Amino acid sequence: MTGVLEGFAVIGALIAAGYLAGRARVLGEQGGPVLTRLAFHVASPALLFTTLADADLGALASPGLLVTAASTLLVAGVYIAVGALRHWGTGPTTIGALCAGYVNAGNLGIPIAVYVLGDATLIAPVLLFQLLIVSPLALTVIDLSRPGARTSPLAVVTAPLRNPVVLGSLAGVAVAAAGVRVPAPLLDPVELLGAMAVPAVLLAFGISLRGATLPARGPERGQVLLAVGLKTVGQPVAAWAVGAGVFGLTGPALLTVVVTSALPAAQNLFTYASRYDTGVRLAREAVLLSTVLAVPALVTVAVLLG
């Protein structure tokens, strides 16, 4: 459990550094937006390319992935249904649905897979599912829902190809599928660019907290609480029910799918919201609250199923 706490501590330290930088205005008034654009257009595509170029695409066929996909669809479906009834709008509803079911598989998933589950590769199916299916689909929906967006059949089909995050993912998958090994002189610069992604996202997140009110106190209170409740409680329970009841998983296999589903919402969701200027406060508060609540949630899961 020490490794889990260390993972949270590192994330907290970078967010705190961003907050202090924002308070001191050392990056100017546009520091946060610039870091967000850097992460979205440059660093994240590079990170996704290097991650997926060396990935085992066969991991997508695991039973655990089916449980993860089912739990994600269940909680996202609940959020979307409520959003449609409450007329929250396509963009904010999509961001909220992501906050309810898109887990932090990278920053926290890997150390938790190592220290709680004993195998870092167990997080790979979740990571691939989110990068290859969930992100492209959600970003396409947000992109097409913006005012003035082109909605012709050609525009809908090509929308993912205009998104740098999706392009980075597709390029990495193409390399992995072809079995090509990228030469070090070409790969090393891309890895350096990718290494900026997580710090840039967390620093921008910290900067955005300057002047912000306490979470779940604003007009999006209901949206935030619904997303956090589904993420912290709903998705782990759904994963347990589907894993044990439908797929008959027990022991370590069941523990794996429930632990990964109990991870908090990913910080890059704030980057997506900021980039498209939709649901920004919702993403910031849902990510922050779900990250804080993930500690007791993960401990509870480990005690009950470990």
Side-chain angles (χ1 to χ4, degrees), residues 8 11-12 14-16 18-19 22 32-33 36 39-40 71-105 107-109 130 134-135 138-139 141-142 145-146 201-239 261-298 300-301:
F8 279 101
I11 289 176
L14 284 174
I15 292 175
Y19 174 77
T36 297
F40 187 85
S71 65
T72 300
L73 291 174
L74 283 171
V75 294
V78 170
Y79 193 96
I80 291 170
V82 175
L85 290 173
R86 301 296 298 273
H87 305 288
W88 285 339
T90 303
T93 298
T94 304
I95 291 296
L98 286 173
C99 290
Y102 193 105
V103 306
N104 191 337
N107 300 359
L108 285 174
Q130 294 188 157
V134 179
S135 286
L139 292 177
V141 170
I142 296 172
S145 69
R146 292 187 301 167
V201 168
L202 295 177
L203 287 171
F205 186 87
I207 291 173
S208 75
L209 296 177
R210 177 176 62 89
T213 58
L214 291 174
R217 296 291 183 90
E220 299 92 350
R221 183 173 185 269
Q223 295 158 272
V224 172
L225 292 178
L226 177 60
V228 173
L230 288 170
K231 177 81 255 348
T232 307
V233 179
Q235 192 174 16
V237 170
S261 294
L263 291 168
Q267 279 85 12
N268 59 320
L269 299 180
F270 172 75
T271 301
Y272 297 162
S274 299
R275 167 63 182 80
Y276 290 103
D277 193 25
T278 183
V280 177
R281 181 170 180 166
L282 165 62
R284 179 178 63 233
E285 296 186 0
V287 168
L288 181 61
L289 279 178
S290 68
T291 301
V292 172
L293 294 175
V295 177
L298 287 165
T300 301
V301 169

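Small disclaimer: the values here were computed from a predicted structure and weren't measured. Count residues from 1 along the sequence.
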Sequence neighbours excluded, which residues qualify as side-chain contact (heavy atoms from CB on, under 4.5 Å) partners of P296? none
Closest non-hydrogen atoms of V201 and A39, given as atom of the first, atom of the second and distance, are CG2-CB, 3.7 Å
Who are the side-chain hydrogen bond (donor to acceptor under 3.5 Å, both in side chains) partners of E220, not counting sequence neighbours? none
Using a 3.5 Å distance criterion without hydrogens, assess whether the side chain of R210 forms a donor-acceptor pair with backbone atoms of G22. yes
Please tabulate, for side-chain N and O atoms in residues 269-277, each donor-acceptor pair with protein atoms closer than 3.5 Å (sequence neighbours left out).
| from | atom 1 | to | atom 2 | distance (Å) |
| --- | --- | --- | --- | --- |
| Y272 | OH | N268 | ND2 | 3.1 |
| S274 | OG | F270 | O | 2.9 |
| R275 | NE | H41 | NE2 | 3.2 |
| Y276 | OH | N163 | ND2 | 2.9 |

Does L73 have any side-chain contact (heavy atoms from CB on, under 4.5 Å) partners at least two apart in sequence or in another chain, and if so, which? none
How would you list, by chain and number, every residue that makes a side-chain contact (heavy atoms from CB on, under 4.5 Å) with A138, sequence neighbours excluded? T94, L98
Once you round to the nearest 0.5 Å, how far does CD of Q267 lie from CZ of R284? 14.0 Å
Polar contact flag, side-chain donor to acceptor under 3.5 angstrom, S135-Y102: yes
For S71, all residues meeting side-chain contact (heavy atoms from CB on, under 4.5 Å), sequence neighbours excluded: Q235, A238, A239, S261
Could you check whether any side-chain heavy atom of V75 comes within less than 4.5 Å of a side-chain heavy atom of K231, counting everything from C-beta outward? no
If you compare all heavy atoms of A297 against all heavy atoms of T232, which two are closest, and at what distance to 0.1 Å? CB-CG2, 4.0 Å
Please round to the nearest 0.5 Å and tell me the distance separating atom CG of L230 and atom CG of L74. 10.5 Å
Gap between atom CG of L203 and atom CD1 of I207 - 0.5 Å precision: 6.5 Å
Report the distance from atom CG of L288 to atom SG of C99, rounding to the nearest 0.5 Å. 11.5 Å
Residues 77-92, side-chain donor-acceptor partners within the protein, below 3.5 Å, at least two apart:
none

